[in-house]
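Please read the structure below before turning to the comments.
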Amino acid sequence: MEKTRKPKNIFVEGAISPEKIAKSIANHATNHEIGGHSIFLGQVRADAKEGGKVTAIAYTAYEEMALQQAFEIREAVFEKYPLTCMHIYHSLGEVKVGEICLFVFTSSKHRKAAISACEELVERIKNELPIWGKELVSNDTSVWKENT
Amino acid sequence: MEKTRKPKNIFVEGAISPEKIAKSIANHATNHEIGGHSIFLGQVRADAKEGGKVTAIAYTAYEEMALQQAFEIREAVFEKYPLTCMHIYHSLGEVKVGEICLFVFTSSKHRKAAISACEELVERIKNELPIWGKELVSNDTSVWKENT
Amino acid sequence: MKLIVKVFGKISEEIGESEFMIEKSDNIASLKSEINTIYPQLKDLKFAIAVNKKLSTDSDKIPEGAEIALLPPFSGG
Amino acid sequence: MKLIVKVFGKISEEIGESEFMIEKSDNIASLKSEINTIYPQLKDLKFAIAVNKKLSTDSDKIPEGAEIALLPPFSGG
């Protein structure tokens with residue numbers, strides 16, 4: 001029988017803590033088929049803007065659509081690479097500079113699958129998920145971010 | 001004046017703990033130029049061997065040479081990619097199945113440099129550092145690992 | 001027959017609402033010109049339109065009771 | 001004039017030592033045949049030779065007091 005996976009929530013309120021990441025890594029210690037983990041973390045930069053510097057990004061999303069898209073991306077990447085595990089977390093709400101807003105985590109028997117899958121996931125998350133970041137600037141203005 | 005870097009110790013006695021990884025991530029929160037981190041973790045697998053399963057890997061190294069090689073790899077990768085930070089940790093001694101034996105961590109303003117540099121580091125570490133893993137098998141035999 | 005249109009990001013900020021009602025159109029192209037009439041300030045903004053949580057193209061028909069969403073360029077991560 | 005030869009991994013296990021002394025040879029090729037005479041059990045093992053912590057080739061000269069090391073295939077990570 002095919003294992004059917006259901007959409008999982010990827011959203012986290014506010015920043016993603018290093019402790020959450022550590023816990024997620026530790027949870028995989030019981031899986032003795034894993035030989036490699038690949039992790040990508042997005043961190044909020046204090047980019048210079050007209051009149052000031054970015055102090056935080058406020059994230060909003062079309063949540064239902066984002067979860068559905070994330071599910072389809074997840075299925076496609078599981079199909080393409082021999083992965084043991086895959087986790088995606090993205091912040092909603094305010095994330096300050098220096099804090100983590102995206103956490104992508106893939107595990108596999110061999111390193112290459114984990115590394116390639118993680119990279120592909122990051123690209124697809126940035127390009128395909130209806131999520132918007134509003135950069136809050138130190139002079140109380142704001143700029144809507146655009147991924148390039 | 002050119003910043004000169006000196007060889008850093010990459011060796012850790014025994015397994016690398018998730019807490020160490022979390023602390024290393026948290027240490028980068030004060031660097032507000034970083035936009036992306038890429039992390040690779042090697043984990044010991046319980047591979048099936050003649051007469052049993054791998055229960056641990058015991059790592060030894062030609063330490064002085066490994067540190068010098070790691071330094072040269074580090075310099076070359078810093079030269080090639082616009083990185084903010086780079087960290088390499090490898091276990092020595094016994095690491096049990098499910099535990100982490102390699103931790104490679106790169107940070108950059110933009111994701112692509114961090115991801116490519118991390119992948120390249122992992123390949124070079126596996127191919128070029130004089131480190132040996134002896135797989136300890138459940139029936140009290142052992143097998144010298146070979147990277148492929 | 002009216003449809004609910006959800007709006008996000010810069011568009012939501014521009015019109016000061018997170019959703020609005022609009023008369024149902026047959027396809028996406030005519031929905032767009034309808035939107036431009038009501039909210040001329042959106043004319044210069046780039047956005048995609050989702051119908052029932054799927055990205056659409058101009059010729060796509062709009063089903064009864066569809067959930068429409070106006071999506072500015074994504075900027076997650 | 002003798003040199004110290006450090007040995008690692010499977011080679012160290014095979015000969016039961018972590019280093020041994022050997023008469024200095026002019027180059028790596030002659031060092032290798034010297035080693036094979038003393039430790040015939042190494043004949044079938046694959047290993048590289050480092051001279052002063054750098055990988056060498058057969059024609060490399062061996063300097064006075066060099067640190068030699070026999071390195072089986074690496075298996076870090």
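Sequence lines set the chain letters: A, B, ... in the order given, protein chains first and strands last, and positions in each chain run from 1. Because only heavy atoms are used, hydrogens play no part in the values below, and waters and symmetry mates are left out as well, while side chains stay in.
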**Request:** Sort by residue number and list every member of residues 53-61 of chain A having a non-hydrogen atom under 4.5 Å from chain B.
**Result:** none
**Prompt:** For chain A, which residues from residues 129-139 of chain B lie under 4.5 Å away (heavy-atom distances)?
**Reply:** none
**Request:** Just give me the residue among A:Gly36, A:Ala26, A:Gly35 that pairs up with chain B most often, heavy atom to heavy atom, under 4.5 Å.
**Result:** A:Gly35
**Within 6.0 angstrom of A:Glu33 CD, more than 12 heavy atoms from elsewhere** = no
**Prompt:** Taking atom CD of A:Glu64 as the centre, does the number of heavy atoms from other residues, nucleotides or ligands within less than 6.0 Å exceed 12?
**Reply:** yes
**Request:** Residue by residue, scan residues 38-51 of chain A and write down, ordered by number, those that have a heavy-atom distance under 4.5 Å to chain B; if none do, write 'none'.
**Result:** A:Ser38, A:Ile39, A:Phe40, A:Leu41, A:Gly42, A:Gln43, A:Val44, A:Arg45, A:Ala46, A:Asp47
**Prompt:** Where on A:Ile34 is there a heavy atom nearer than 4.5 Å to chain B: the side chain, the backbone, both, or neither?
**Reply:** both
**Request:** Count the heavy atoms belonging to other residues, nucleotides or ligands that lie under 6.0 Å from CG of A:Asn9, then report whether that count exceeds 12.
**Result:** yes
**Asked** What parts of residues 99-126 of chain A touch chain B if we use heavy atoms and a cut-off under 4.5 Å?
**Response** A:Ile100, A:Lys109, A:His110, A:Arg111, A:Lys112, A:Ile115, A:Glu119, A:Val122, A:Glu123, A:Lys126
**Request:** State, to 0.1 Å, how close B:Ala22 and A:Ala22 come at their nearest heavy-atom pair, and which atoms those are.
**Result:** CB-CB, 3.6 Å
